[in-house]
Amino acid sequence: MTATILDQIFAHKRTEVERQKLKIPQAKLEQQLGNAPKPRSLRQALRQPDRISLIAEVKKASPSKGVFLENFNPTELAETYASNGAAAISVLTDVRFFQGSLIYLRSIHEHLDTLGYATPLLRKDFLYDPYQIYEARVSGADAILLIVGMLDDQTLHELYQLTYGLGMEALVEVHTEAEMARAQALQAQIIGINNRDLHSFSVDLATTQRVSASLPAIGDPQRPVLVAESGIHGPDVLPTLREWGVEAILVGESIVLAPDHAAHVRALSQKA
Ligand SMILES: O=C(O)c1ccccc1NCC(=O)[C@H](O)[C@H](O)COP(=O)(O)O
C-alpha cells in the first residue's frame, strides 16, 4: 500500500503535538475543564426529519488546492454559516496543511455565543492522542473528528470513550468498507464517509452509497447518523444523497469559494 497524505500529515502532527505538550501540559488542560462551556449535541443538531443538515466548514486552505481565501475571517464566516441555516460548523484546526488554528475554534465559540447562536462546533483535525481531545474540549469544541484510517482499534476505542466521557461527540470518518466495519464495531453514532480519495484527491460521491451499504436500513433506530463528506458543490445532489440515507453533508470548498457565502449556505441547508 503506497503512502497517502494522511501518512505525511500524521508524521508532522506527532511533532506538533509533542511540542504543544511542552508548552501546555495535559494536567493544565485537565484543570481548565471545569471552566469549559457545556457541549451541545452534534447528533441532535444533524438528525432532522425534513432535511439534510449542513455542517459548513471554516476552511482557509487544503493540501490539494492551496489557499482558498486570502481575506480569511473565521469568525465572520462562522457567523454567516450560523445565521443562514448551517446545523453545525466544522473548524479546521490543523496549522501546517490547512492553515487552521485552535485559536479560530475558541474565537468562533466566543463570537457565536455572544450573538446567541448555539450551533455545535466540530474540531476538524488529525487526532490520535488524548491530549488533543482535552485541547478540543477546553477550546469550545462540541464534537471532534476521529479518522478510522489513521488509528488502530485500541486507540480509536480509547479516544471515542474519552470524547463521550468529556461530554462531546465524535464524527467517525471512514473511506472504505473495511473502515466502515470498524466504525460499526465501535457502535459509532455519527459516521462520516469521506468521498475524497487520499491517493489522488479526486472525489466520487458514489463512495457514500457504496461504503454505507452495510449500515442498518434507513429508519432503523440502530442506524447511525450518516454524513457525506467532501466534493459537494450544490443542492442538486441532495435528493440522491437523501435516497442513499444521508442525513448530513460536510461542505468546505464550495462554500468558501462561492461568490455569496450566505446564499450558498442557504441553498445547501434547504428542506429536501
Ligand atoms: O481537503 C482536502 O484536500 C483534504 C486532503 C487530505 C485530507 C483531507 C482533506 N480534507 C478534509 C476534509 O475532510 C474536507 O475538508 C471536508 O470533507 C470538506 O470537503 P470539501 O467540501 O471538498 O472542501
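Every number for a ligand or one of its atoms is a count from 1 in the order of the listing. What you are looking at is a predicted structure, and each value in this text was computed from that prediction instead of being measured.
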Please list every donor-acceptor pair under 3.5 Å in which a side-chain atom of residues 178-190 meets a protein atom from a residue at least two apart or in another chain.
unit_1 : atom_1 : unit_2 : atom_2 : d
E179   : OE1    : H175   : N      : 2.7
R182   : NE     : D153   : OD1    : 2.7
R182   : NH1    : V148   : O      : 3.4
R182   : NH2    : L151   : O      : 2.6
R182   : NH2    : D153   : OD1    : 3.1
Q184   : OE1    : S214   : OG     : 2.8
Q184   : NE2    : S214   : O      : 3.3

From I55, L250, T208, residue fulfilling side-chain contact (heavy atoms from CB on, under 4.5 Å) relative to E229: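 Considering I55, L250, T208, a side-chain contact (heavy atoms from CB on, under 4.5 Å) with E229 is found only for L250.
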
Would you check if the side chain of D142 reaches a backbone N or O of L121 as a donor-acceptor pair within less than 3.5 Å?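 A pair under 3.5 Å: yes.
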
Under a strict 4.0 Å criterion on non-hydrogen atoms, which protein residues are in contact with ligand 1?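 The answer is I5, E57, K59, S62, P63, S64, F98, K124, N194, R196, L198, F201, E229, S230, G231, L250, V251, G252, E253, counting any residue whose heavy atom sits under 4.0 Å from ligand 1.
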
Return each pair, listed once, that meets side chain to side chain donor-acceptor pair (under 3.5 Å) where at least one residue sits in residues 100-111; pairs must be two or more places apart or across chains.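 Passing the test, one end in residues 100-111: E79-H111.
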
Within a strict 4.5 Å, meaning less than it, do heavy atoms of the I5 and F201 side chains meet?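 Yes, side chains in contact.
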
Please tabulate, for the side chains in residues 258-267, all donor-acceptor contacts under 3.5 angstrom to protein atoms that are two or more places apart in sequence or on a different chain.
unit_1 : atom_1 : unit_2 : atom_2 : d
D260   : OD1    : A262   : N      : 3.2
D260   : OD1    : A263   : N      : 3.1
H261   : NE2    : V256   : O      : 3.1
H264   : NE2    : H233   : O      : 3.3
H264   : NE2    : S254   : OG     : 3.0
R266   : NH1    : N84    : OD1    : 2.6

